[in-house]
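Input: a single structure, listed below in structure tokens.
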There are 2 protein chains.
Amino acid sequence: MKNTHDHHICQSKALQHINEQCRKKNIRLTPIRQQVFDEILQSHKAIKAYDILQNMSTPGEMVKPPTVYRAIDFLLEHGFIHKIESLNAFIACYHEHNKDCFQLLICDECGTVSEQINNKISHEMKLLSEKENFTLQHPIIELHGTCFQCNTTGTKS
Amino acid sequence: MKNTHDHHICQSKALQHINEQCRKKNIRLTPIRQQVFDEILQSHKAIKAYDILQNMSTPGEMVKPPTVYRAIDFLLEHGFIHKIESLNAFIACYHEHNKDCFQLLICDECGTVSEQINNKISHEMKLLSEKENFTLQHPIIELHGTCFQCNTTGTKS
DNA sequence: TGATGTTATGTTATAATATAACATTTGTTT
DNA sequence: AAACAAATGTTATATTATAACATAACATCA
Ligand SMILES: [Zn+2]
Ligand SMILES: [Zn+2]
Ligand SMILES: [Zn+2]
Ligand SMILES: [Zn+2]
């Protein structure tokens, strides 16, 4: 169940991007924040706060919730990661976008999450908002279903 | 901060709809389920499970979480209410739609939630999914921002 | 430099949201 | 009535997230 692309390239690009941005915006990518970002970056699947917590903990030194949640808040605030509201989980952002509208395709079989930036959809969201005299600030689009891989290699008989 | 329409009409329509559907589908709208639905129906704002719990409890008889969550599950399953993932809260459905794509406009100022059924958006969601070979099962669209009322009567100087 | 303010982290406790597991009751079917 | 299925009651606990306050690290500049 291998992805069609080399995920290491995504990862190194994302790492490069976060480092650049932090330098540029003069915000601090501290060791804790890096560690948390690395954990989120390791997978195309969404990861949960308490899993990050687990991964960062050692028998001797247990990381505590606020440590992770604060780093998550930082990363969210600057758009380096996204929260998936319907899973209470997080993914790294592999695109470079501002506060734009993005769409998440979430496979409920394998957990893979794919981020899309579809301008047509962004536009339609704006149109709907305008029609309703609504000032759109933060669109959330989470599409649950089954990915191509899971559809074809399906374990369901 | 009055709504432009008579919300009582929405409510009685929704009540009529749920009763009809339960008869038609031969599913049971038990007293507990009705009570929970009524609580959710009382407001255009989203309501949280533990608020429903509170509202249904009396000093003598405290309702317990599973009671409410089970009723919520029933109501969700049959489409009488929707969950707002980004708020961990629930609203009654005032439309009559199947498993369609619907959009929620959520005002972060006043908490009002407005459900929209926009066919253009539904269509674009299908197109995106097809393009990505993704089998769309459950789209979640939650648009956060500021409603017309709050924009015009804004308390922000 | 070192006094001062700001940002980040450590620590403890607890709030808020949700479910597991099993017992009992109620409703339905035969 | 017996048997089964669906709904509710009950206890306990899992999961997700934040409040509040103490300490440490870093930045600014007198
Ligand atoms: Zn992104
Ligand atoms: Zn999949
Ligand atoms: Zn609806
Ligand atoms: Zn509003």
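Just so we're on the same page: letters track the sequence lines, and every chain starts at 1. Computation of the quantities below employed the complete heavy-atom set of this structure, encompassing side-chain atoms and omitting hydrogens, waters and symmetry-equivalent molecules.
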**Fill in**
Whole-Å distance, Arg33(A) CZ to dG10(C) C1', equals 15 Å
**Prompt:** In Å, rounded to the nearest 0.5 Å, how long is the span from CG of Leu41(B) to CD1 of Ile18(B)?
**Reply:** 8.5 Å
**Request:** Rounded off to whole Å, could you give me the CG-to-P distance for the Leu87(A) and dA18(C) pair?
**Result:** 13 Å
**Prompt:** Of the non-hydrogen atoms in Cys107(B) and Cys147(B), which two are nearest, and what is the gap between them?
**Reply:** SG-N, 3.3 Å
**Request:** Scan residues 33-42 of chain B for pairs that pass side chain to side chain donor-acceptor pair (under 3.5 Å), counting only residues two or more places apart or in two chains.
**Result:** Glu39(B)-Asn55(B)
**Fill in**
Ile84(B) atom CD1 is separated from dA18(C) atom C1', nearest whole Å, by 18 Å
**Secondary-structure string, 5' to 3', Watson-Crick or G-U under 3.5 Å, | for another-strand partners, for DNA chain D** = ||||||||||||||||||||||||||||||
**Request:** Determine, for nucleotides 22-30 of chain C in 5'-to-3' order, which nucleotides have protein heavy atoms under 4.0 Å from the base (write B), from only the sugar-phosphate (write S), or from neither (write -).
**Result:** -----S---
**Message:** Under 4.0 Å, heavy atom to any atom of DNA chain C: which of residues 18-25 of chain A qualify?
**Reply:** none
**Complete:** Among dT8(D), dG10(C), dT10(D), the one nearest any side-chain atom of Pro66(B) is dT10(D)
**Request:** Please name all residues satisfying side-chain hydrogen bond (donor to acceptor under 3.5 Å, both in side chains) with Tyr94(A), sequence neighbours left out, ordered by chain then number.
**Result:** His7(A)
**Asked** OP1 or OP2 of dT17(C) sitting under 4.0 Å from any side-chain N/O of Asn88(A)?
**Response** no
**Closest non-hydrogen atom pair, Ala71(B) against Ile32(B)** = CB-CG2, 4.2 Å
Do any side-chain atoms of residues 74-89 of chain B form donor-acceptor pairs under 3.5 angstrom with protein atoms, and if so which ones, sequence neighbours left out?
residue	atom	partner	partner atom	Å
His78(B)	ND1	Phe74(B)	O	3.0
His82(B)	NE2	His97(B)	NE2	3.2
His82(B)	NE2	Glu115(B)	OE2	3.2
Ser86(B)	OG	Glu142(B)	OE1	2.4
Ser86(B)	OG	His144(B)	NE2	2.8

**Request:** Ignoring backbone atoms, establish whether Tyr69(A) has a side-chain N or O less than 4.0 Å from OP1 or OP2 of dT18(D).
**Result:** no
**Message:** Check this one for me: any side-chain N or O of Lys48(A) less than 4.0 Å away from OP1 or OP2 of dT15(D)?
**Reply:** no
**Message:** Lys24(A): which residues meet the side-chain contact (heavy atoms from CB on, under 4.5 Å) condition with it, sequence neighbours left out?
**Reply:** Gln21(A)
**Request:** For residues 60-76 of chain A, pull every pair meeting side chain to side chain donor-acceptor pair (under 3.5 Å), keeping only residues two or more places apart or in separate chains.
**Result:** none
**Message:** Rounded to whole Å, please give me the gap between CG in Leu29(B) and C1' in dA6(D).
**Reply:** 15 Å
**Request:** For Glu132(A), enumerate each residue passing the side-chain contact (heavy atoms from CB on, under 4.5 Å) test, keeping only those at least two apart in sequence or located in another chain.
**Result:** Leu128(A), Phe134(A), Leu105(B), Gln116(B)
**Item:** Between dA16(C) (C1') and Ile72(B) (CD1): distance, integer Å
**Value:** 14 Å
**Any residue of residues 49-64 of chain A with a heavy atom less than 4.0 Å from an atom of DNA chain C** = Lys64(A)
**Message:** Restricting to non-hydrogen atoms, name the atom on Leu143(B) and the atom on Ile140(A) that form the minimum distance, rounded to 0.1 Å.
**Reply:** CD2-N, 4.3 Å
**With sequence neighbours excluded, residues passing side-chain hydrogen bond (donor to acceptor under 3.5 Å, both in side chains) with Asn19(A)** = none
**Request:** Go through the structure and list residues passing side-chain contact (heavy atoms from CB on, under 4.5 Å) with Leu127(A), not counting sequence neighbours.
**Result:** His123(A), Glu124(A), Glu130(A)
